Amino acid sequence: MTTAPPGVVDFSIFPHLDHERLPENTMAKAERWAAGIPNQAYAIDDETAIKVIDGQVEVVSETPWKLFTP
């Protein structure tokens, strides 16, 4: 993973995974999306948070999520 400038993260997020009002936000779509980007990415639902402290990433969730690596 590269180092991002302060205040910026060096990963992308596919939000609202499997949301009832966004039926197109499936894991399959997230996988296709992530395949086209050059950095790490997370697919997360609305019950998931990503905490970044001093460059260390922690996913806080009790629901399914996925990390994609290039």
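From a predicted model like this one, the values you see are computed outputs, not experimental measurements.
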For this session: Measure the shortest side-chain to side-chain distance between Ser12 and Gln40 over non-hydrogen atoms and say whether it is less than 4.5 angstrom.
Result: no

Problem set entry | Interatomic distance, Lys29 atom NZ to Leu17 atom CG [nearest 0.5 angstrom] | 12.0 Å

Problem set entry | Contacts of Gln56 that satisfy side chain to side chain donor-acceptor pair (under 3.5 Å) - sequence neighbours left out | none

Problem set entry | Rounded distance (nearest 0.5 Å) linking atom CG of Asn25 with atom NE2 of His16 | 7.5 Å

Problem set entry | Which residues share a ring pair (Phe, Tyr, Trp, His ring centres under 6.0 Å) with Phe14, sequence neighbours left out | Trp33

Exercise. Taking ILVMFWY side chains as joined if any heavy atoms are under 4.5 angstrom apart, and letting links pass through other members, which residues group with Ile53?
Worked result: none

Problem set entry | Results of salt bridge (Lys or Arg N to Asp or Glu O under 4.0 Å) for Glu58 - residues two or more places apart only | Lys51

Problem set entry | Residues forming a side chain to side chain contact (heavy atoms under 4.5 Å, CB included) with Ala28, sequence neighbours excluded | Thr26, Arg32

For this session: Could you name each residue pair satisfying side-chain hydrogen bond (donor to acceptor under 3.5 Å, both in side chains) that touches residues 61-70, not counting sequence neighbours?
Result: Glu31-Lys66, Asp45-Thr63, Thr48-Ser61, Thr48-Thr63, Ser61-Thr63

For this session: Specify the closest pair of heavy atoms between Pro38 and Pro70, including all atoms of both residues, with the distance to one decimal.
Result: O-CG, 3.5 Å

Problem set entry | salt bridge (Lys or Arg N to Asp or Glu O under 4.0 Å) contacts in which one or both residues fall within residues 11-23, not counting sequence neighbours | none

Problem set entry | Hydrophobic cluster identity match, Val59 and Phe68, side-chain contacts under 4.5 Å | no

Exercise. Taking a hydrophobic cluster as the set of Ile, Leu, Val, Met, Phe, Trp and Tyr residues connected by side-chain heavy atoms closer than 4.5 Å, whether directly or through intermediates, do Ile13 and Leu67 fall within one such cluster?
Worked result: yes

For this session: Using the salt bridge (Lys or Arg N to Asp or Glu O under 4.0 Å) rule, collect all pairs that involve residues 33-43, keeping only residues at least two apart or in two chains.
Result: none

Exercise. Hydrophobic clusters join Ile, Leu, Val, Met, Phe, Trp and Tyr when side-chain heavy atoms are under 4.5 Å apart, directly or via other members; which others share one with Val60?
Worked result: none

For this session: Treat each ILVMFWY residue as a node, draw an edge where side-chain heavy atoms are under 4.5 Å apart, and state whether Ile37 and Met27 are in one component.
Result: yes

